[in-house]
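Naming convention: chains lettered A, B, ... in sequence-line order (proteins, then strands); numbering from 1 in each chain.
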Number of protein chains: 2
Amino acid sequence: MKNTRQKITDAAIEIFNEDLSAPLEIVAEKAEVTRRTLHRYFTDRQDLVLACQFAMQESCKKAIDAVYTSYTDPLERFENMLYAAIDCGVKFSFLHRMHNNDRHQHTVKDENCKKYDVTFNKFKSTIEELQRKDLITKELSAEWIEMLSTGIVTAAINSEKSGNVAKINIKKFAWYSLSKGILV
Amino acid sequence: MKNTRQKITDAAIEIFNEDLSAPLEIVAEKAEVTRRTLHRYFTDRQDLVLACQFAMQESCKKAIDAVYTSYTDPLERFENMLYAAIDCGVKFSFLHRMHNNDRHQHTVKDENCKKYDVTFNKFKSTIEELQRKDLITKELSAEWIEMLSTGIVTAAINSEKSGNVAKINIKKFAWYSLSKGILV
DNA sequence: AAAAAATGTCACATATTTGAGAAAAAAGTC
DNA sequence: GACTTTTTTCTCAAATATGTGACATTTTTT
């Protein structure tokens, strides 16, 4: 059962993902509470945005970490990290977008960005390991593969939302495209 | 040389791409004009947003159409459509996002969406042709391949913006990943 | 250099968004 | 059923965003 605080951050993540300056009224509406209640949990917009970032980070970190430690085979690990990211949904893609945009949350940075880096570096290091062991092509740079991976995650999330791709197939398709697109 | 109107819509596309409800002040700033001047060209926010949509549509339509009619070989055509989309930059990805989001521009729809569909259907029909002629795998649905393509375009655009991937490589990498990711 | 066009500056009226207090209503808890 | 906690309702003041008029200044055209 979700508590009110969570209901609000969840709603905010959905809304802010599509419109970062949306009125808090809209967020409250989506969370099915009054704006007044929202303000009882979050003093102001900044506070709420930070809470969203924190929630997204925790969620992604948890999911990625769990996979990272469970698989020794790097390819298998990479595959399951993809699935974990897809399961995180907008939390993953929004978080990624936030940290690669120029004009936002320059106030926070440092502490918050460090956490983000730790999580996303697990992607990077896995990619590098795969390249070192000649399991994927070296024709592509690790940076590109990282971008590609998040691009495919986003495609998967959009597919799910649009409903144009059968839900059972999404992960299968995503891994098919990603693996073939980077294998030697 | 860009005229003021274009400077404003270009700035607005950049800004709105990241924050659809950003104050017009921010847009004016980016366009290097006063808010007063912005309002001389666009009566209100709605007017500006519509102008952006129009500009994005024209730009994408022009680029995609040109490629579509120049290549008879579907694979070659597909490849160059990818490059054209990447060249359109945020105009492409933002437009796509706008039309696949739930909560926006429900006012315009119809007329405006029709134009969008015409352009993006050229992607779809090319994908279907490729599948019909057994040039790409049938294990993936056409809808997924469409999503994947725009996902890779977005990855390419993000790569360019971040500067982490050498500019000369971006298109090459994008096509490498996309083609391998869908070929039989 | 004069005229015309475009842009900037300043001021102002509205509209919207924001944040919070006080008391009533609803939901949980024992 | 009495009690506590949470949420809603209603309120209001402050802050921010929006759109426009009047006039000065700059830039472009002729």
Participant: Mark yes or no for whether B/Ser59, through its side chain, and B/Met56, through its backbone, hold a donor-acceptor pair below 3.5 Å.
Facilitator: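 Side chain of B/Ser59 to backbone of B/Met56: no pair is present.
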Participant: Under 3.5 Å, is there a donor-acceptor pair linking the side chains of B/Asn17 and B/Arg97?
Facilitator: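 Their side chains do contain a donor-acceptor pair, which is all the 3.5 Å distance test asks for.
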Participant: Under the side chain to side chain contact (heavy atoms under 4.5 Å, CB included) rule, what do B/His99 and B/Asp117 come out as? Steps first, then yes or no, please.
Facilitator: CA-CA 9 Å; B/His99 281 269; B/Asp117 286 340; 5.9 Å; no
Participant: Tell me the bend of the helix from C/dA1-D/dT30 to C/dC30-D/dG1 as the angle between end helix axes, each from five pairs, rounded to the nearest 10 degrees.
Facilitator: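 Result, rounded to 10 degrees: 40°.
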Participant: Applying side-chain hydrogen bond (donor to acceptor under 3.5 Å, both in side chains), which residue pairs with at least one partner in residues 123-133 of chain B are found, sequence neighbours left out?
Facilitator: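 Output for this query lists B/Tyr68-B/Ser125, B/Arg77-B/Thr126, B/Arg77-B/Glu129, B/Glu129-B/Lys133.
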Participant: To the nearest angstrom, how far is B/Glu25 atom CD from C/dG8 atom C1'?
Facilitator: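 In whole Å, C/dG8 C1' and B/Glu25 CD are 13 Å from each other.
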Participant: Say whether, by atom type as modelled, one donor and one acceptor occur between the side chain of B/Ser177 and the main chain of B/Ala174 under 3.5 angstrom.
Facilitator: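 Such a contact is absent between B/Ser177 side chain and B/Ala174 backbone.
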Participant: Checking contacts here: which listed nucleotide (C/dG19, D/dG19, C/dT17) is nearest the side-chain heavy atoms of B/Asp44?
Facilitator: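 The answer is D/dG19.
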Participant: Show the numbers, then the answer: is there a side chain to side chain contact (heavy atoms under 4.5 Å, CB included) between A/Trp144 and B/Tyr176?
Facilitator: CA-CA 11 Å; A/Trp144 165 254; B/Tyr176 182 102; over 6 Å; no
Participant: Please identify each residue that fulfils side-chain contact (heavy atoms from CB on, under 4.5 Å) with A/Arg36, with sequence neighbours left out.
Facilitator: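 Residues passing side-chain contact (heavy atoms from CB on, under 4.5 Å) with A/Arg36: A/Thr34, A/His39, A/Arg40.
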Participant: At under 4.0 Å between heavy atoms, how does the protein contact nucleotides 5-12 of chain D? Give one character per nucleotide, 5' to 3', with B, S or -.
Facilitator: --BBB---
Participant: Step through it carefully: locate the ring centre of A/His96, locate the ring centre of A/Phe120, and say whether they are under 6.0 Å apart.
Facilitator: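 Yes, the ring of A/His96 comes within the 6.0 Å limit of the ring of A/Phe120, centre to centre.
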Participant: Would you say A/Val118 and A/Phe54 are hydrophobically clustered, going by side-chain heavy atoms of ILVMFWY under 4.5 Å?
Facilitator: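 A/Val118 does not cluster with A/Phe54.
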Participant: Rounded to the Å, how far apart are B/Glu29 CD and C/dG8 C1'?
Facilitator: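 Going from CD in B/Glu29 over to C1' in C/dG8 covers 15 Å.
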Participant: Do any N or O atoms of the protein come closer than 3.5 Å to N or O atoms of nucleotides 25-28 of chain C, and which pairs are they?
Facilitator:
none

Participant: Taking side-chain hydrogen bond (donor to acceptor under 3.5 Å, both in side chains) as the definition, give me every residue that meets it alongside A/Lys7, ordered by chain and number, with sequence neighbours left out.
Facilitator: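 For A/Lys7 there are no side-chain hydrogen bond (donor to acceptor under 3.5 Å, both in side chains) partners, ignoring immediate neighbours.
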